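Predicted model, so just to flag it, every value in this text is computed and none were measured.
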Amino acid sequence: MVVGAGAAGLYCALTAARSGARVVLVSATPLAQAASYWAQGGLAAALAADDSPERHLADTVAAGRGSVRESAARVLCEEAPDCVRDLERLGVIFDADRMGRLALGLEGGHSVRRVAHAGGSATGRRVSRELSALAARHDKIDVLEGRRGGAIWTSGGRCVGLVCDDGRTLAAGAVVLATGGTAALWSRTTNPPGSVGSGLTLALAAGAALADLELMQFHPTAVAGLPRREGFLITEAIRGEGALLLDAQHERFVDELAPRDEVARAIAARLASSGERAVWLDMRMVDPALFPNVVEVLRAAGVDPQRELVPVAPAAHYLMGGIATDLHGRTQVPGLFAIGECACTGLHGANRLASNSLSECFVFGRRAALAALEQPQSAAASSRDPAPEPLALELPTRETREALWRNAGIERNEEGLRALLAEQEHPLVPMIATSALARRESRGAHRRSDAPDLDPELDLQHVIVEDPAAPRFERWV
């Protein structure tokens, strides 16, 4: 059983079905409308003649600020090229140059062009659409649309199935969570409203551990101040094609292709000093045909990016943490797996390298599918413990989202984090706050104004939480 029909869930389901398994795919939305549909980035993979998995690995480790689990990053960098080729076999058409070679893009933190796109900045749309069609037609995949996970069904300490939010119980040899991240818990976000960590809540209740919840990546360039398009993400690939970031005086103030944590902090500092709400993205020199959906959205919002500057500011974008797993998606609950943004392998460290996340969906989605196929069949129905009732999954209030932005945003401190612990009732907020309190340093996306330096003693250390009162560090290599 796969819960979530974004890129990771779709590919995991198709991998299992192509290996002969019967799969139930649970999707809260109609297929091809999950968060991956809106992904503008591409797939980072060492496909160019001047590139290699080792070079990709070096860039990933450098971006991750001393926290990357190198074994996970090596898996991604070595296996991503084959996943791109497999997607091509499945019918995904990636952008090519006039010679028929993949047209690879350059994004922040990458030392060479290595990002494959489909339809320019419409990669998520193209890939999700193709994989959704394959899943809908596959005779071994049963799709349940309009349903969400309500609880993980466990018996004898292992996962034996899922309880849907409508109370329906479904037994399974393995359950794979692919439910996305938590960025919509923050008031300013690039994510759709459903990205509030439901899978993390389900896994935690079933006995799984969570990791690195303090490591929320803030994307530097989300639209600011345009009605109905607040938080719309403008892909980093546009800066890779020459777009510039300008302050209120229309002066450059940052290397546009520095890693995301640096660019986001530079923008936040400029806004704090100027009192402005946004800086400007100048993409007038960029070929609009490369990014048709971005140009279309901006024009519909009243800004022509070929003639005008675009107002942008950072927004909560991607959780580097999640449900703690091994390199095959296994959680500490036998039979329960997690992949994609809801999972934490340690791959991204403290700062995700651009476009590694979509590659992660396919590399670890495939690995989890194959590992899940090796699980023993569930015990006979008569011997299972009764299924639990669906959890009452809480949506964040406006006050909660504003409090997280204020106290666990681009910069945080002990006073604000303790206020989150004392005042917020959403189940994930105390876990986020206690993780950020435990990491008393500044590293990557985690910036403590009261602990501005990186602590070398915390290199490769990851904050593990099962109870907000008892965080602990684990060293992952």
Side-chain angles (χ1 to χ4, degrees), residues 53-54 56-79 109 181-182 200 203-204 207-217 259 261 318-334 336-353 356-357 360 363-364 367-368 371 408 412 414 417 428 430-448 450-477:
E54 285 296 329
H56 187 184
L57 175 64
D59 290 345
T60 299
V61 170
R65 309 302 191 198
S67 287
V68 168
R69 187 182 194 174
E70 186 170 327
S71 56
R74 186 172 296 279
V75 162
L76 177 101
C77 298
E78 291 179 350
E79 298 183 13
T182 62
L200 280 67
L204 184 67
L210 307 181
D212 293 347
L213 299 188
E214 74 280 14
L215 298 178
M216 170 60 64
Q217 184 174 74
D261 60 330
Y318 187 92
L319 177 66
M320 272 83 74
I323 305 162
T325 75
D326 68 7
L327 303 189
H328 296 275
R330 303 183 189 98
T331 73
Q332 66 184 23
V333 179
L336 180 63
F337 296 73
I339 56 174
E341 192 177 349
C342 75
C344 180
T345 63
L347 160 67
H348 304 301
N351 182 55
R352 174 175 66 96
L353 182 65
N356 267 358
S357 53
E360 176 192 22
V363 169
F364 289 95
R367 283 181 150 244
R412 58 282 297 262
E414 182 173 353
L417 294 169
L428 288 180
M431 313 297 273
I432 295 167
T434 202
S435 298
L437 284 165
R439 187 173 290 283
R440 189 171 176 76
E441 64 162 356
S442 291
R443 181 184 297 265
H446 175 68
R447 178 63 49 167
R448 288 273 301 261
D450 55 343
D453 298 324
L454 182 147
D455 182 355
E457 294 295 318
L458 295 181
D459 286 356
L460 302 181
Q461 298 287 340
H462 298 262
V463 181
I464 309 298
V465 286
E466 297 161 275
D467 178 339
R472 67 181 190 277
F473 283 96
E474 285 186 3
R475 188 171 187 268
W476 293 355
V477 295

How far apart are the C-alpha atoms of Ile323 and Cys344, what are their side-chain angles, what is the distance that settles it, and do they pass the side-chain contact (heavy atoms from CB on, under 4.5 Å) test?
-> CA-CA 5 Å; Ile323 305 162; Cys344 180; over 6 Å; no
Just by modelled atom types, is the [Y] backbone N or O under 3.5 Å from a matching donor or acceptor in the [X] side chain?
X	Y	result
Thr331	Ala208	no
Thr434	Pro430	no
Gln217	Met320	no
Asn351	Ala445	no
Arg65	Ala350	no
Ser71	Val477	yes
Glu466	Leu210	no

Indicate yes or no: at least one non-hydrogen side-chain atom of Arg74 is less than 4.5 angstrom from one of Glu54.
->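 Of all side-chain heavy-atom pairs linking Glu54 with Arg74, at least one is under 4.5 Å.
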Step by step, work out the salt bridge (Lys or Arg N to Asp or Glu O under 4.0 Å) result for Glu360 and Arg352.
-> CA-CA 11 Å; Glu360 176 192 22; Arg352 174 175 66 96; over 6 Å; no
Plane angle bin for Tyr318 and His348 - parallel if under 30°, tilted between 30 and 60°, otherwise perpendicular | perpendicular
Identify the heavy atoms of [X] and [Y] that sit nearest to each other, and give their distance.
X	Y	result
Gln332	Pro334	O-CD, 3.5 Å
Cys342	Ala338	SG-CB, 4.1 Å
Thr60	Ala73	CG2-CB, 4.0 Å
Ala211	Ala324	CB-CB, 4.1 Å
Ala371	Arg330	CB-NH2, 4.1 Å

Roughly how far, to the nearest 0.5 Å, is CG of Leu417 from CG of Leu437?
->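 Output value for this atom pair is 4.5 Å.
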Could you check Thr325, Ile339, Val75, Asp326 and say which one makes a side chain to side chain contact (heavy atoms under 4.5 Å, CB included) with Arg367?
->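 By the side chain to side chain contact (heavy atoms under 4.5 Å, CB included) criterion, Arg367 pairs with just one of Thr325, Ile339, Val75, Asp326: Val75.
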Matching residue for Glu214 among Arg443, Arg448, His446, Arg439 - test: side chain to side chain donor-acceptor pair (under 3.5 Å) =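 Only one of Arg443, Arg448, His446, Arg439 forms a side chain to side chain donor-acceptor pair (under 3.5 Å) with Glu214, namely Arg439.
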For the residue pair Asp459 and Ser67, confirm or rule out a side-chain donor-acceptor distance under 3.5 Å.
->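 Looking only at side-chain atoms, Ser67 and Asp459 do not form any donor-acceptor pair under 3.5 Å.
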Check the pair Phe473, Ile464 against side-chain contact (heavy atoms from CB on, under 4.5 Å), reporting the backbone distance first and the verdict last.
-> CA-CA 6 Å; Phe473 283 96; Ile464 309 298; over 6 Å; no
Take Val68 and Leu353 through the test side-chain contact (heavy atoms from CB on, under 4.5 Å) and record every step on the way to the result.
-> CA-CA 11 Å; Val68 168; Leu353 182 65; over 6 Å; no
Mind running side-chain contact (heavy atoms from CB on, under 4.5 Å) on Leu460 and Trp476 for me, showing each step along the way?
-> CA-CA 6 Å; Leu460 302 181; Trp476 293 355; over 6 Å; no
Within 6.0 angstrom of Glu441 CD, more than 12 heavy atoms from elsewhere = yes
salt_bridge(Asp455, Arg440) N-O dist < 4.0 Å =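 Looking at Asp455 and Arg440, the cut-off is not met.
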